[in-house]
Number of protein chains: 2
Amino acid sequence: MLRGMGNREDLLAGAKRCLIERGWAHTTVRDIASAAGVSHAAIGYHFGSKDALLTQALVEAVDELSQELASRTPSGKPEDGWQALIDSFTSHRALWVAQLEAVVQAERSPEVREHLAKGQREGREGLGGSVPLALLTGLMLQWLVDPDQAPSGAEVIAGLRALAAEL
Amino acid sequence: MLRGMGNREDLLAGAKRCLIERGWAHTTVRDIASAAGVSHAAIGYHFGSKDALLTQALVEAVDELSQELASRTPSGKPEDGWQALIDSFTSHRALWVAQLEAVVQAERSPEVREHLAKGQREGREGLGGSVPLALLTGLMLQWLVDPDQAPSGAEVIAGLRALAAEL
DNA sequence: ATTTGGTCAAACCATTTGGATAAACCATTT
DNA sequence: AAATGGTTTATCCAAATGGTTTGACCAAAT
C-alpha cells in the first residue's frame, strides 16, 4: 500500500512559497493549503501542526540557499567573484529573507537553529573562513535594506584593502 | 488641558519589551497592554492599530541599536576593538534579534525600511565604511546562530589579513 | 469480494485576535 | 457648579485561526 504521499510534498512546496512571499507571521494554514491546492486538514494529518510544517519548509529553504551558495564559490579574479556573489542577491532575494526569518525563528526553535548552524558551517567551508562569510552575509543585509547604497565588488575589495592596512 | 499622554509612552515601552522578548509574530494587543499595565483599547486610541504601534516600537529599537553601535567605535588596538564589538553582542542579543526582525518586516513596510536605511548610514559612518559594517553584522549573524563557532577578535584580524592577501 | 490501512476533504469547534463602542474619569474652563 | 474636551477603561463583537472529527476514497492484501 505504499505510495500516497501526494499531498505531503505539495504542502511542503506550498509552505515554502508562502514563507517566501508572505513570511512566517502572515502565513495561515489556509494560505498553505490553498497554495498547495489541498484541504487545510491535510496539514494536521501529515505534520501534526502548522508550526511543524513551516519549520520543515524553512529548513528546506535554508538548505537550498547554502547549496546555491556553495555553487557560487568565487573563482577567477576576486573582484569578479565578489561581484557575482553580490549580484546573486537579486535573484534570490526572497530566499535570503527567508534565511533571516529563520534566524529569528531559531531563537525559539532549536531544530531550526541546528540546521542554520549546519548551513553556516558549509558556507564557511565553501567560502574559506568566517570572515568571507561574514562579509557576504553582512553585505546581503545592507543590500536588502538599501540596494542603492550597497557597495560594488570593486568597492568591497577597496574597503577590504583599507581595513587590512590599518592592522 | 494639556498633559495626559500617560499611556502612550507606557504602550511604546511595553511594545518594545514584547517585541524583544516574544517577537512581532507572537505579540498580541493584550500582551502589549498587559506589559504596559493599560487597557488594550488604548492602543487603538493612541496608535490606530496594533501594527502601527509595533512599527513605531520597532523603529525606536532600531534607533537604540545604532546609537549603541555608534558609541562603540573601535579605538586602540584593532584586535581589541573587534573583540569589544563581538562581546557587545552578548549584552544586546535581543536588540539584534529585533533588528533582524525589522529587516524582515521592512520587506513589507517602507517606513521600517526607511529607518533601517538611516541606521545603516549612521553605522557605516561610525565604523568607517560598508566593509567594516558588513563584517560586524555578518559576524553577529554567525554568533547568533552558533555562538561557539563565532571567531574571536584575533581570528577576525587573521582572516582579514588572509583575505586581503589574496588580492 | 471483502477487509484493511493509509490518505484526504468537508464540516465543525473552541479559542484567540484585533478592533469598535459607549460609558466613566478628570483636569481645565466658563 | 456646570460644562467641556481629551483620555482611559470595561465590555462587546465579528472575523479569523488552528485543530479535530467524520466519513469518503483507494490501492493492496486476504
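Values below: all heavy atoms of this structure, side chains included; hydrogens, waters and symmetry mates excluded. Order of the sequence lines sets the chain letters (A, B, ...), proteins ahead of strands, with each chain counted from 1.
The nearest whole Å value for the distance from the NZ atom in B:Lys50 to the C1' atom in C:dT17 is 8 Å. Rounded to whole angstrom, the span from the CG atom of A:Leu53 across to the P atom of C:dC8 amounts to 14 Å. The CG atom of B:Leu54 sits 12 Å away from the C1' atom of C:dG18 (whole-angstrom rounding). One can place CZ of B:Arg8 at 15 Å from P of D:dT9, the figure rounded to the nearest angstrom. In this structure, the CD atom of A:Glu9 is 10 Å from the P atom of C:dC8, given to the nearest Å. D:dC25 atom C1' lies 13 Å from atom CG of A:Asn7, rounded to whole Å. The distance from atom CZ of B:Phe47 to atom P of C:dG18 is 15 Å, rounded to the nearest whole Å.
Applying the salt bridge (Lys or Arg N to Asp or Glu O under 4.0 Å) rule to pairs touching residues 123-149 of chain B yields A:Arg121-B:Asp146, sequence neighbours excluded. The salt bridge (Lys or Arg N to Asp or Glu O under 4.0 Å) contacts involving residues 82-104 of chain B comprise A:Glu107-B:Arg93, where partners must be two or more places apart or lie in separate chains. Residues in residues 34-49 of chain B take part in no salt bridge (Lys or Arg N to Asp or Glu O under 4.0 Å) pair, two or more places apart or across chains. Residue pairs meeting the salt bridge (Lys or Arg N to Asp or Glu O under 4.0 Å) criterion with at least one partner in residues 21-38 of chain B, sequence neighbours excluded, are B:Arg22-B:Asp31.
Stem regions annotated for DNA chain C: C:1-30 with D:1-30, counting only runs of 3 or more consecutive pairs of Watson-Crick or G-U type with both contacts under 3.5 Å.
Of the side-chain N and O atoms in A:His46, none sit less than 4.0 angstrom from OP1 or OP2 of C:dG6. Within the structure, a side-chain polar atom (N or O) of A:Tyr45 is placed less than 4.0 Å from OP1 or OP2 of C:dT7.
Judged as a ring pair (Phe, Tyr, Trp, His ring centres under 6.0 Å), and not counting sequence neighbours, the contacts of B:Phe89 are B:Trp96, B:Trp143. With sequence neighbours left out, B:Glu166 forms a side-chain contact (heavy atoms from CB on, under 4.5 Å) with B:Leu163. Residues meeting the side-chain contact (heavy atoms from CB on, under 4.5 Å) test with A:Ala36, sequence neighbours left out: A:Asp10, A:Leu11, A:Val38.
A single hydrophobic cluster is not seen to contain both B:Val103 and B:Val59; linkage of ILVMFWY side chains at heavy-atom distances under 4.5 Å, directly or through other members, places them apart.
Near-neighbour residues of DNA chain D inside residues 29-44 of chain A, defined by a heavy atom below 4.0 Å, number-ordered: A:Val29, A:Arg30, A:His40, A:Ala41.
Side-chain proximity of B:Thr28 to D:dG18, D:dT8, C:dG18: nearest is C:dG18.
Summarising the geometry, atom CG belonging to B:Leu141 is positioned 5.5 Å from atom CG belonging to B:Leu100; distances are rounded to the nearest 0.5 Å.
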